[in-house]
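Okay, so here's the structure we're looking at.
Ligands are counted one by one from 1 in listed order, and the atoms in each one are counted from 1 as well. The first residue of the sequence shown is numbered 1, and numbering continues consecutively from there.
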Amino acid sequence: MQKTTMQRLSEEQIKSELSRLQGWSVVNGKLHKDYIFDDFIDAFGFMSKAAIHIEKMNHHPEWFNVYNKISIDLVTHDAGGITQNDISLAKTLDLLKN
Ligand SMILES: C[C@H](O)[C@H](O)[C@H]1CNC2=NC(N)=NC(=O)C2=N1
(Lines give C-alpha, C1' and ligand atoms only; values in the text may rest on other atoms or scores of the structure.)
Protein backbone atom coordinates (compact mmCIF):
# COMPACT_ATOMS: atom_id res chain seq x y z
CA MET A 1 0.00 0.00 0.00
CA GLN A 2 1.32 3.38 -1.03
CA LYS A 3 1.90 5.91 1.73
CA THR A 4 0.99 9.51 0.96
CA THR A 5 2.73 12.23 2.87
CA MET A 6 0.16 14.42 4.53
CA GLN A 7 0.84 17.71 6.23
CA ARG A 8 -0.80 18.53 9.53
CA LEU A 9 -3.18 21.45 9.14
CA SER A 10 -2.47 24.61 11.11
CA GLU A 11 -4.89 25.86 13.80
CA GLU A 12 -6.02 28.50 11.34
CA GLN A 13 -6.64 26.02 8.53
CA ILE A 14 -8.59 23.75 10.90
CA LYS A 15 -10.72 26.68 12.09
CA SER A 16 -11.54 27.64 8.51
CA GLU A 17 -12.40 24.02 7.59
CA LEU A 18 -14.59 23.68 10.71
CA SER A 19 -16.57 26.77 9.70
CA ARG A 20 -17.67 24.88 6.58
CA LEU A 21 -18.57 21.67 8.45
CA GLN A 22 -21.65 21.00 10.57
CA GLY A 23 -21.32 19.56 14.06
CA TRP A 24 -17.61 18.78 14.00
CA SER A 25 -15.24 20.15 16.64
CA VAL A 26 -11.71 19.47 17.79
CA VAL A 27 -11.57 17.32 20.93
CA ASN A 28 -8.20 16.14 22.24
CA GLY A 29 -6.52 17.06 18.95
CA LYS A 30 -8.97 15.04 16.85
CA LEU A 31 -11.95 15.98 14.67
CA HIS A 32 -14.94 14.84 16.68
CA LYS A 33 -18.65 14.29 16.04
CA ASP A 34 -21.41 12.12 17.50
CA TYR A 35 -24.02 10.64 15.17
CA ILE A 36 -27.39 9.48 16.49
CA PHE A 37 -29.48 6.95 14.54
CA ASP A 38 -32.95 5.48 15.05
CA ASP A 39 -31.59 2.18 16.29
CA PHE A 40 -28.63 -0.22 16.19
CA ILE A 41 -29.50 -1.57 12.73
CA ASP A 42 -29.37 1.94 11.28
CA ALA A 43 -26.10 2.74 13.02
CA PHE A 44 -24.52 -0.53 11.91
CA GLY A 45 -25.82 -0.06 8.36
CA PHE A 46 -24.08 3.31 8.25
CA MET A 47 -20.83 1.77 9.46
CA SER A 48 -20.99 -0.95 6.79
CA LYS A 49 -21.71 1.58 4.06
CA ALA A 50 -18.93 3.85 5.31
CA ALA A 51 -16.45 0.96 5.51
CA ILE A 52 -16.39 0.67 1.69
CA HIS A 53 -15.44 4.34 1.33
CA ILE A 54 -13.00 4.20 4.23
CA GLU A 55 -11.10 1.32 2.63
CA LYS A 56 -10.99 3.12 -0.72
CA MET A 57 -9.61 6.24 0.99
CA ASN A 58 -7.23 4.12 3.09
CA HIS A 59 -8.05 6.51 5.91
CA HIS A 60 -9.68 5.03 8.97
CA PRO A 61 -11.79 6.59 11.70
CA GLU A 62 -11.59 5.91 15.40
CA TRP A 63 -15.21 5.16 16.16
CA PHE A 64 -17.17 3.79 19.04
CA ASN A 65 -20.69 2.45 18.76
CA VAL A 66 -23.25 1.91 21.49
CA TYR A 67 -26.75 0.97 20.26
CA ASN A 68 -27.87 3.96 18.13
CA LYS A 69 -24.88 6.21 18.73
CA ILE A 70 -21.54 6.39 16.93
CA SER A 71 -18.86 8.58 18.42
CA ILE A 72 -16.28 9.49 15.78
CA ASP A 73 -12.71 10.82 16.09
CA LEU A 74 -10.61 11.62 13.03
CA VAL A 75 -6.87 12.10 13.12
CA THR A 76 -3.98 11.14 10.85
CA HIS A 77 -1.73 8.87 12.87
CA ASP A 78 1.11 9.06 10.33
CA ALA A 79 1.14 12.88 10.62
CA GLY A 80 0.39 13.10 14.34
CA GLY A 81 -2.44 15.56 13.79
CA ILE A 82 -5.42 16.62 11.69
CA THR A 83 -4.84 16.64 7.93
CA GLN A 84 -6.88 17.21 4.79
CA ASN A 85 -7.58 13.45 4.81
CA ASP A 86 -9.52 13.89 8.05
CA ILE A 87 -11.50 16.76 6.55
CA SER A 88 -12.27 14.64 3.46
CA LEU A 89 -13.38 11.72 5.59
CA ALA A 90 -15.59 14.00 7.73
CA LYS A 91 -17.29 15.28 4.55
CA THR A 92 -17.73 11.75 3.19
CA LEU A 93 -19.27 10.51 6.45
CA ASP A 94 -21.65 13.49 6.58
CA LEU A 95 -22.78 12.78 3.00
CA LEU A 96 -23.42 9.11 3.83
CA LYS A 97 -25.28 10.05 7.03
CA ASN A 98 -27.76 12.35 5.24
C1 LIG B 1 -0.09 1.94 5.84
C2 LIG B 1 -1.33 2.75 5.73
O3 LIG B 1 -1.28 3.59 4.61
C4 LIG B 1 -1.52 3.60 6.96
O5 LIG B 1 -1.47 2.85 8.14
C6 LIG B 1 -2.80 4.44 6.90
C7 LIG B 1 -4.07 3.64 7.09
N8 LIG B 1 -5.15 4.41 7.64
C9 LIG B 1 -4.92 5.51 8.37
N10 LIG B 1 -5.91 6.13 9.00
C11 LIG B 1 -5.69 7.18 9.77
N12 LIG B 1 -6.72 7.77 10.40
N13 LIG B 1 -4.45 7.67 9.93
C14 LIG B 1 -3.39 7.14 9.34
O15 LIG B 1 -2.26 7.62 9.51
C16 LIG B 1 -3.60 6.01 8.50
N17 LIG B 1 -2.62 5.45 7.87
Side-chain angles (χ1 to χ4, degrees):
M1 188 74 63
Q2 191 192 319
K3 234 175 195 181
T4 44
T5 341
M6 263 285 152
Q7 292 272 357
R8 288 172 59 162
L9 298 178
S10 69
E11 298 270 322
E12 208 146 286
Q13 287 171 316
I14 292 169
K15 215 178 263 179
S16 127
E17 292 289 352
L18 279 180
S19 74
R20 278 174 270 129
L21 289 172
Q22 284 248 325
W24 292 90
S25 60
V26 176
V27 178
N28 296 326
K30 300 170 184 180
L31 270 191
H32 178 87
K33 187 172 180 177
D34 291 326
Y35 285 144
I36 306 287
F37 296 82
D38 286 345
D39 53 27
F40 175 69
I41 290 297
D42 263 15
F44 202 84
F46 169 81
M47 291 170 92
S48 312
K49 212 166 43 170
I52 311 290
H53 294 267
I54 289 163
E55 268 302 285
K56 273 194 198 137
M57 293 169 90
N58 188 33
H59 197 65
H60 301 81
E62 297 172 16
W63 59 13
F64 181 79
N65 162 242
V66 178
Y67 182 51
N68 67 338
K69 180 177 158 182
I70 305 174
S71 178
I72 300 178
D73 285 299
L74 306 179
V75 70
T76 303
H77 306 113
D78 296 349
I82 295 168
T83 67
Q84 204 58 51
N85 282 346
D86 299 301
I87 304 295
S88 299
L89 184 51
K91 288 177 183 168
T92 299
L93 295 177
D94 277 352
L95 280 175
L96 291 172
K97 172 72 168 67
N98 295 320

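When the heavy-atom distances from atom 4 (C) of ligand 1 to D73, I82, I54, D78 are ranked, the shortest goes to D78.
The side-chain heavy atoms of M57 and N85, taken from C-beta on, include no pair separated by under 4.5 Å. Residues K33 and D94 have side chains in contact (heavy-atom distance under 4.5 Å, counting atoms from C-beta outward).
Paired with W24 under the rule side chain to side chain contact (heavy atoms under 4.5 Å, CB included), one option of I87, L31, D86 passes, and it is L31.
For F46, the ring pair (Phe, Tyr, Trp, His ring centres under 6.0 Å) partners at least two apart in sequence or on another chain are Y35, F37.
For a threshold of 3.5 Å applied to N or O pairs, the pair formed by T76 and ligand 1 contains no separation below that value. Between D86 and ligand 1, a contact under 3.5 Å exists for no N or O pair. Considering backbone and side-chain N/O of V75, one or more are found under 3.5 Å from N/O of ligand 1.
Applying the ring pair (Phe, Tyr, Trp, His ring centres under 6.0 Å) definition to pairs two or more places apart or across chains, none involves residues 50-71.
L74 does not count as a contact of ligand 1, since none of its heavy atoms falls under 4.0 Å from the ligand.
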